[in-house]
Participant: 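Below you'll find the structure I mean.
Here is the naming used below: chain letters follow the sequence lines, and residue numbers restart at 1 for every chain. Atom set for the values below is all heavy atoms of this structure, side chains included, hydrogens, waters and symmetry mates excluded. The model shown is predicted, which means the values in this text are computed figures rather than measured ones.
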2 protein chains.
Amino acid sequence: METLTIGEMAARSGVAPSALRYYEREGLLHAARTGGNQRRYERADLRRIAFIKIAQQVGVSLDEIREALAELPENRTPTKADWSRLSSHWRHRLEERIAMMERLRDQLTGCIGCGCLSLQRCTLINPRDRLASRGTGPQMILNPPRD
Amino acid sequence: METLTIGEMAARSGVAPSALRYYEREGLLHAARTGGNQRRYERADLRRIAFIKIAQQVGVSLDEIREALAELPENRTPTKADWSRLSSHWRHRLEERIAMMERLRDQLTGCIGCGCLSLQRCTLINPRDRLASRGTGPQMILNPPRD
DNA sequence: CTGCAACTTGAAGTGAACTTCAACTCAAGG
DNA sequence: CCTTGAGTTGAAGTTCACTTCAAGTTGCAG
């Protein structure tokens, strides 16, 4: 089994065929085609999909994921080193996000519980990078606790 | 200044007036009205909004936030104790989410970098509780590292 | 060769969380 | 009193990340 059909990819990755087609339209994924125009994926694409899923977990939009994936070589199958570089970048993102949530955790009870609370003292703000999550409205991040 | 207008609330909370009206339609917020039908908020509502923002940060949908807020007393201004109870619940959510992301972090480089990778070994799965984030598609969570 | 599950496409639909718009009313300073 | 910035409504629009649909095509097992 050299290549995988879209159905097989869906089964192995847990991502619906419709989503895989959507990712392709959005430029996150590319599949070779058979003579009859059916998609054929390589096993390496599973790694790509895993990356997409993980990045989404971290709260990154498909737009940003596309940009990140663009850093992978197009002419050859990405090597272990290529992926390491990319993942260490996201690892950074992840660390930041974790740190943010830890600060949130450490302040939550105190802030919400007491009269002080809130947007003033807890300094929930909207930074330029919206790591937080997709969604239209303003996204916020908890500032380092400094009060 | 006893009560706050919608504009003042927006300024103080960082949430747009349109969003505050939306929250009211969705039953997350309630404002008194002037004779002329304009909204007047109490300072306590800032706490409510802070809670909404924080819960969103954690990846909870407005639906679930509404349900949580329903546990607050309706007849009186929530006390410190009321808020503490609620926030400790979310603190739990937050802890879980942090733990999930830490597992993700610990496995990311190894999983993505090496040939093994992926959806098999890294066991990214879709649990019954979609803490993760809003969004339509299947949401996943990283299982406790057990390989 | 046939049958049928699995694939193809473009277009339209979905749900969450808002925003924008048009037309109108209110409230507060001068 | 009058002006003007802020507020009101319902309806429609937007973005993201997909899914669903209809109508047609492909590929493999028997």
Participant: Is the distance from OP1 or OP2 of D:dA17 to the nearest side-chain N or O of A:Tyr23 less than 4.0 Å?
Facilitator: no

Participant: Whole angstrom is fine here: how far is it from CD in A:Glu64 over to C1' in D:dT15?
Facilitator: 15 Å

Participant: Write down the distance between CE (B:Met9) and P (D:dA6), rounded to a whole number of angstrom.
Facilitator: 18 Å

Participant: Reading DNA chain C from 5' onward, which residue's closest nucleotide shows up sooner: A:Pro17 or B:Arg25?
Facilitator: A:Pro17

Participant: Rounding to an integer number of Å, can you tell me how far B:Glu24 CD sits from D:dG10 C1'?
Facilitator: 15 Å

Participant: Atom CZ of B:Arg12 and atom CZ of B:Arg43: how far apart are they, to the nearest 0.5 Å?
Facilitator: 7.5 Å

Participant: With axes from five pairs an end, tell me the bend angle of the helix from C:dC1-D:dG30 to C:dG30-D:dC1, nearest 10°.
Facilitator: 0°

Participant: Which residues pass the side chain to side chain contact (heavy atoms under 4.5 Å, CB included) test with B:Arg40, not counting sequence neighbours?
Facilitator: B:Thr3, B:Thr5, B:Thr34, B:Gln38

Participant: To the nearest 0.5 Å, tell me how far A:Ile54 CD1 sits from A:Ile49 CD1.
Facilitator: 12.0 Å

Participant: Using salt bridge (Lys or Arg N to Asp or Glu O under 4.0 Å) as the criterion, list what pairs up with B:Glu95, not counting sequence neighbours.
Facilitator: A:Arg105, B:Arg91

Participant: When rounded to the nearest 0.5 angstrom, what distance separates CD in B:Gln57 from CD1 in B:Ile52?
Facilitator: 14.0 Å

Participant: Calculate the interatomic distance between B:Asp63 atom CG and C:dA16 atom P; express it in whole Å.
Facilitator: 6 Å

Participant: Return all side-chain donor-acceptor pairs below 3.5 angstrom for residues 15-31 of chain B, not counting sequence neighbours, or 'none' if the list is empty.
Facilitator:
from	atom 1	to	atom 2	distance (Å)
B:Glu24	OE1	B:Arg39	NE	2.7
B:Glu24	OE2	B:Arg33	NH2	3.3

Participant: A:Leu29 CG to D:dC18 P: how many Å, rounded?
Facilitator: 12 Å

Participant: Report the distance from atom CD of B:Gln56 to atom P of C:dA16, rounded to the nearest whole Å.
Facilitator: 13 Å

Participant: What distance do B:Phe51 atom CZ and B:Leu86 atom CG have between them, rounded to the nearest 0.5 Å?
Facilitator: 4.0 Å

Participant: Compare the minimum distances between each of C:dT19, C:dC18, C:dC7 and the side chain of B:Ala16, then state the nucleotide with the smallest one.
Facilitator: C:dT19

Participant: Just by protein heavy atoms under 4.0 Å, how would nucleotides 20-30 of chain D read 5' to 3' in B, S and -?
Facilitator: B-----SS---

Participant: Rounded to whole Å, how long is the line connecting atom CD1 of A:Ile6 with atom P of C:dA6?
Facilitator: 13 Å

Participant: Between the side chain of B:Lys53 and the main-chain N/O of B:Ser13, is any donor-acceptor distance below 3.5 Å?
Facilitator: yes

Participant: Test of understanding: with salt bridge (Lys or Arg N to Asp or Glu O under 4.0 Å), list the residues that count as partners of B:Asp45, not counting sequence neighbours.
Facilitator: none

Participant: Whole-Å distance between D:dC18 C1' and A:Leu20 CG?
Facilitator: 12 Å

